[in-house]
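Below is one structure; the comments refer to it alone.
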Amino acid sequence: MKVEQDLHMSRGDGETSYATNSRLQEKAILKTRPLLHKAVEEAHASLSGLSRPAGKMVVADLGCSSGPNTLLVVSEVLGAVANRSCDQSLADVQFFLNDLPGNDFNLVFQSLELFKKLAEKEFGVALPPYYIAGLPGSFYTRLFPDRSVHLFHSSYCLMWRSKVPDELASGEVLNVGNMYIWETTPPSVVKLYQKQFQEDFSQFLALRHDELVSGGQMVLTFLGRKNRDVLRGEVSYMFGLLAQALQSLVQEGRVEEEKLDTFNLPFYSPSVDEVKAVIRQSELFDIGHIQLFESNWDPQDDMDDSDDDDVTTLDSVRSGVNVARCIRAVLEPLIARHFGGCIVDDLFDMYARNVAKHLEQVKTKYPVIVLSLKARR
């Protein structure tokens, strides 16, 4: 697996596309709106000492993907800047939409004309001048010149690793029957994933620190882990149920066992403590805010997303289908490339049933980490 080439969400805007099945990510953007607005206001305020106009504010959305969420972030930033219209000194806003080269940038660009009309209608004369550009490339590499960006935003992206750990990518079978960390994963494999996370996140922080202006801000949201037991992390259940569906296809003779044993995701969902440890070790950022909230597996289920006492799913079969569609939109390109596209429909039908059976027993939620960081100088 070559992550920079192979990792991308399902393209287009059809029934199984990411654009149609990204409500889970939309909910996270809306949930973290106050934190993003605060960061925008602080970044804009840093320009207020300049003569009118207030200069240019550069905002980068890392892992922007495609579909309505991409321009939702742009809209939220413009709204936060427009709220400062009373000072009559609004900055021009330059947006860079970043993702890996395989991302469906065409869909994003095709949406810009409609977005422009909607933004003009919503904000009217308060709409600040803005410019939008696509920026393909990995956020684990350098993307911008020194001290040129005022605000970095990233949502549902930093749990993805820059690569599968080398020892797993070599083809040696170390994690039999699994695609990620699960109950039967050896401790040595867990350590490989943890090491990859630490290296990647450290690299990410160092790169962004170089690219941020003095006092620059970051707002980051990504899947994490509430359970201290790495082998039973909440996201691990989700991938474990998908691995079970693949195991069923192995038993039917439709998937080679070796194919499953050598399929490893470039992924790691850390705990809050693991995130804090890397940030503190870097000594590059101050943590302005960090918290963990929870979101139902079923993106269409809005009932008590963060209520720990809510342990039932009203319609487990319907929720199983919704979860399967959401995960298919994310993983189908990787699965089709490794196993072949002919199994995809049946695989996710089986997965939906596995999820439904699980949700009959317990209503499971994704732990989501959100944090704001300010660059030290």
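Note that the coordinates shown come from a computational prediction; the quantities given were computed from them, not determined experimentally.
- The shortest non-hydrogen separation linking F222 to P270 is CE1-CG, 3.9 Å.
- In this structure, T141 contributes its side chain and G137 its backbone to no donor-acceptor pair below 3.5 Å.
- Side-chain contact between T364 and V355 is absent, with no heavy atoms from C-beta onward closer than 4.5 Å.
- Checked by atom type and distance alone, the side chain of S319 never pairs as donor or acceptor with a backbone atom of D298 at under 3.5 Å.
- Here the shortest heavy-atom pairing between V235 and G224 reads CG2-O, 3.9 Å.
- Annotation for E252: atom CD counts as buried by contact number, over 12 foreign heavy atoms lying within 6.0 Å.
- Side-chain atoms of H289 and Q291 include a donor-acceptor pair closer than 3.5 Å.
- Separation of atoms CD (E257) and CD (Q251) is listed at 9.5 Å; rounding is to 0.5 Å.
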Exercise for the section: Determine, step by step, whether K38 and E41 satisfy the salt bridge (charged side-chain N to carboxylate O under 4.0 Å, His left out) criterion, reporting the C-alpha distance in whole Å, the side-chain angles of both residues, the deciding distance to 0.1 Å, and the verdict. Expected result: CA-CA 5 Å; K38 181 179 179 182; E41 290 166 5; over 6 Å; no
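- Remark: R225 engages E274 in a salt bridge, criterion side-chain N to carboxylate O under 4.0 Å.
- Side chain to side chain, Q196 and D200 meet the donor-acceptor criterion of an N or O pair below 3.5 Å.
- For the atom pair CD1 (I335) and CG (L265), the distance works out to 7.5 Å, reported to the nearest 0.5 Å.
- Note that CD1 of I132 is 9.0 Å distant from CD of Q94, once rounded to the nearest 0.5 Å.
- N296 places no side-chain N or O within donor-acceptor distance of the main-chain N or O of K365, the cut-off being under 3.5 Å.
- To the nearest 0.5 angstrom, I29 atom CD1 is 10.0 Å from Y156 atom OH.
- No donor-acceptor pair closer than 3.5 Å links the side chain of S148 to the backbone N or O of F144.
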Exercise for the section: Step by step, work out the ring pair (Phe, Tyr, Trp, His ring centres under 6.0 Å) result for Y237 and W182. Expected result: CA-CA 7 Å; Y237 276 98; W182 187 227; 4.9 Å; yes
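- Checked by atom type, the side-chain pair D61/T70 shows no donor-acceptor distance below 3.5 Å.
- Geometric assessment of R353 against the ring of Y351 yields a negative cation-pi assignment under the 6.0 Å and 45° thresholds.
- The distance between the ring centers of F267 and Y193 does not fall below 6.0 angstrom.
- In plain terms, the two heavy atoms of A243 and N178 that are nearest each other are CB-CA, 4.5 Å.
- Looking only at side-chain heavy atoms (C-beta outward), F339 and E256 stay at 4.5 Å or farther from each other.
- By the 4.5 Å heavy-atom criterion applied to side chains, F139 and D99 are not counted as neighbours.
- No salt bridge links D210 with R147; every basic N to acidic carboxylate O contact stays at or beyond 4.0 Å.
- For the residue pair Q217 and H150, no side-chain donor N or O sits within less than 3.5 Å of a side-chain acceptor on the partner.
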